[in-house]
Amino acid sequence: MDFIKLAQDGHIGTIVLDNPKKLNALSHDLVDGIIDALKRLEEAEARVVILRAQPGARVWSAGHDVGELPEGGRDPLGWDDPLRHLVRTIETCRMPVIAMIEGGVWGGAVETVLACDIVIASPGATFAVTPARLGVPYNVSGMMTFMSAASLRIVKELAFTAAPISAERAERIGMINHVVAAEQLEAFTLGMATTIANNAPLSIGVMKEQLRVLAGAKPVSPRGFEKVQGLRRVVYDSHDYHEGIRAFKEKRAPVFTGR
Ligand code: LCV
């Protein structure tokens, strides 16, 4: 398990993102580490998991590892992309996952956090939905993750501006559960985890799956799905997508032309 630390105390598991050199970018290796840790905790009968970055992190996660994105001609967020595996694993694992946030959360890491069951952040935390910043066509289930966490108008603002929003604003609009002073964040999160761990795990596990199935029950016709998928191809085959990825790698501002 590269780039993460795993600990368990009784029925409470903790997974720490620990690749500060790459700002905990969600690389294939780091994602595999989180998925492996969740599976180990499930087998070790953990009843709740805290997912966090290293203490005092300035960046919780910089999002998808841009270096691992294709430069065009291929769906950058297809079914088998590591980020998609991570979101599905968090959503389907039996234990509630509490995202404890310090620092900035970017791009696919925002979806990862919102796929968690409960989100508790310190006042300095921020959340930025970044596909428009890179020219990326976000994928359908990912957009549904955002739509389950905030109103359509808020999702549009986050997606179209790609600008970070504060933890306070995220809490005010109901996108996250709590904002807690940095010095109390760990104790508050552990307190909630302990309460959950002392409740009935079967009841909680079934309610988590019920809520996942019911929240995901959105009627999209096959034709509607094909249309959305087809539109995404227009984006990832575009000059702008290639330009967004190249500009990031060349550390310069992208010049989008709408082609
Ligand atoms: C690889 C990185 C990254 C990174 N990947 O430090 O949602 S979608 O559709 O957009 C999806 C595809 C997705 O999640 O895309 C990624 C979205 N993420 C972002 O847009 C955030 C990109 N990162 C930044 O804006 C900055 O790094 C922040 C503001 C997070 C931190 O800025 P700071 O000045 O503190 P640097 O930018 O200097 O980054 C330190 C090193 O980490 C690399 C970056 O290239 C640099 O590498 P070098 O030391 O080799 O120069 N890095 C940062 N983010 N997502 N690598």
Side-chain angles (χ1 to χ4, degrees), residues 2-3 17-34 53-54 56-87 90 99 101-116 121 124-147 149-150 154-167 175 228-229 231-238 240-254 256:
D2 296 334
F3 306 127
L17 307 184
D18 194 28
N19 187 13
K21 225 160 48 51
K22 283 293 283 284
L23 303 176
N24 295 332
L26 297 176
S27 63
H28 207 136
D29 289 343
L30 188 141
V31 167
D32 281 352
I34 302 171
Q54 59 278 21
R58 189 173 50 80
V59 177
W60 193 85
S61 170
H64 202 299
D65 186 331
V66 175
E68 294 183 356
L69 288 172
E71 295 205 7
R74 186 162 61 83
D75 187 341
L77 294 172
W79 177 260
D80 266 336
D81 179 82
L83 175 62
R84 307 309 329 144
H85 277 291
L86 176 58
V87 168
I90 290 172
I101 310 295
E102 294 174 281
V105 186
W106 297 83
V110 174
E111 188 197 350
T112 301
V113 167
L114 296 179
C116 292
T126 58
F127 303 85
V129 175
T130 53
R133 199 175 185 225
L134 287 169
V136 168
Y138 215 73
N139 70 305
V140 179
S141 59
M143 294 310 276
M144 282 178 58
T145 305
F146 294 130
M147 289 170 68
I154 295 291
V155 173
K156 287 181 177 180
E157 179 190 331
L158 293 176
F160 300 164
T161 65
I165 66 164
S166 68
M175 199 172 103
V228 170
Q229 273 300 81
L231 288 172
R232 295 186 60 243
R233 179 166 202 152
V234 170
V235 179
Y236 64 72
D237 275 351
S238 71
D240 277 359
Y241 171 75
H242 181 80
E243 164 65 7
I245 301 298
R246 292 294 329 143
F248 180 87
K249 290 178 177 175
E250 294 164 6
K251 300 187 185 297
R252 58 176 173 81
F256 293 127

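No experiment lies behind these values; they were computed from the predicted model shown. Both backbone and side-chain heavy atoms feed into the values below; hydrogens, waters and symmetry mates do not. Atoms within each ligand, like the ligands themselves, are counted from 1 in listed order.
- At a distance under 4.0 Å, a protein heavy atom can be found next to atom 54 (N) of ligand 1.
- At a 3.5 angstrom cut-off on N or O pairs, Ala62 counts as close to ligand 1.
- Ligand 1 places these atoms under 4.0 Å from at least one heavy atom of Gly107: 7 (O), 14 (O).
- Residues Val140 and Gln229 form a side-chain contact, since some pair of their non-hydrogen atoms from C-beta on lies under 4.5 Å apart.
- Residue Arg133 has at least one nitrogen or oxygen atom sitting less than 3.5 Å from a nitrogen or oxygen atom of ligand 1, judged on distance alone.
- A 4.5 Å side-chain heavy-atom check between His64 and Leu134 finds every atom pair outside the cut-off.
- With ligand atoms numbered from 1 in the order given, ligand 1 contributes 9 (O) to contacts under 4.0 Å with heavy atoms of Val136.
- Checked by atom type and distance alone, the side chain of Glu111 never pairs as donor or acceptor with a backbone atom of Thr145 at under 3.5 Å.
- Not one N or O on the side chain of Glu243 forms a donor-acceptor pair closer than 3.5 Å with the backbone of Pro254.
- Less than 4.0 angstrom separates atom 38 (O) of ligand 1 from none of the non-hydrogen atoms of the protein.
- Side-chain contact between His85 and Asp32 is absent, with no heavy-atom pair separated by less than 4.5 Å.
- At a threshold of 4.5 Å between non-hydrogen side-chain atoms, the residues Met175 and Leu158 count as touching.
- The presence of a protein heavy atom under 4.0 Å from atom 25 (O) of ligand 1 is confirmed.
- Taking only non-hydrogen atoms, the option from His64, Lys251, Lys249 nearest to atom 44 (C) of ligand 1 is Lys251.
- Contact check for Tyr241 versus Pro70: side-chain heavy atoms found under the 4.5 Å cut-off.
- Between Gly108 and ligand 1, at least one N/O pair is under 3.5 Å apart.
- Between Lys22 and ligand 1, not a single N/O pair is under 3.5 Å apart.
- Under 4.0 angstrom from ligand 1, the non-hydrogen atoms of Asp65 come from both its backbone and its side chain.
- A 4.5 Å side-chain heavy-atom check between Gln54 and Pro20 finds at least one atom pair inside the cut-off.
- Taking all heavy atoms of Asp81, Thr112, Val59, Leu69 into account, the minimum distance to atom 12 (C) of ligand 1 is reached by Leu69.
- Checked against ring-ring contact (aromatic ring centres under 6.0 Å, His included), Phe146 has the following partners two or more places apart in sequence or in another chain: Tyr138.
- The nearest protein heavy atom to atom 1 (C) of ligand 1 is closer than 4.0 Å.
- Nearest residue to atom 23 (N) of ligand 1 from Trp106, Phe248, Tyr138 is Phe248 (criterion: closest heavy atom).
- Residue Thr130 has at least one N or O atom closer than 3.5 Å to an N or O atom of ligand 1.
- Distance check for atom 6 (O) of ligand 1: a protein heavy atom is found below 4.0 Å.
- For Val66, heavy-atom contacts with ligand 1 shorter than 4.0 Å involve the backbone as well as the side chain.
- By the 4.0 Å heavy-atom criterion, Arg58 is counted among the residues contacting ligand 1.
- Shown here is Lys156, whose NZ atom has no more than 12 heavy atoms of other residues, nucleotides or ligands within 6.0 Å.
- In this view, Arg133 satisfies the side-chain hydrogen bond (donor to acceptor under 3.5 Å, both in side chains) rule with no residue, not counting sequence neighbours.
- The side-chain heavy atoms of Ser61 and Leu26, taken from C-beta on, include a pair separated by under 4.5 Å.
- When each atom of ligand 1 is checked for a heavy atom of Gly63 under 4.0 Å away, the hits are 14 (O).
- Among protein heavy atoms, the minimum distance from atom 27 (O) of ligand 1 is reached at Leu23 CD1, 3.5 Å.
- The protein non-hydrogen atom at the shortest distance from atom 15 (O) of ligand 1 is Leu134 CD1, 3.3 Å.
- Side-chain N or O atoms of Asn24 include one that pairs as donor or acceptor with a backbone N or O of Trp60 at under 3.5 Å.
- Counting protein heavy atoms only, atom 41 (C) of ligand 1 is closest to Lys21 O, 4.2 Å.
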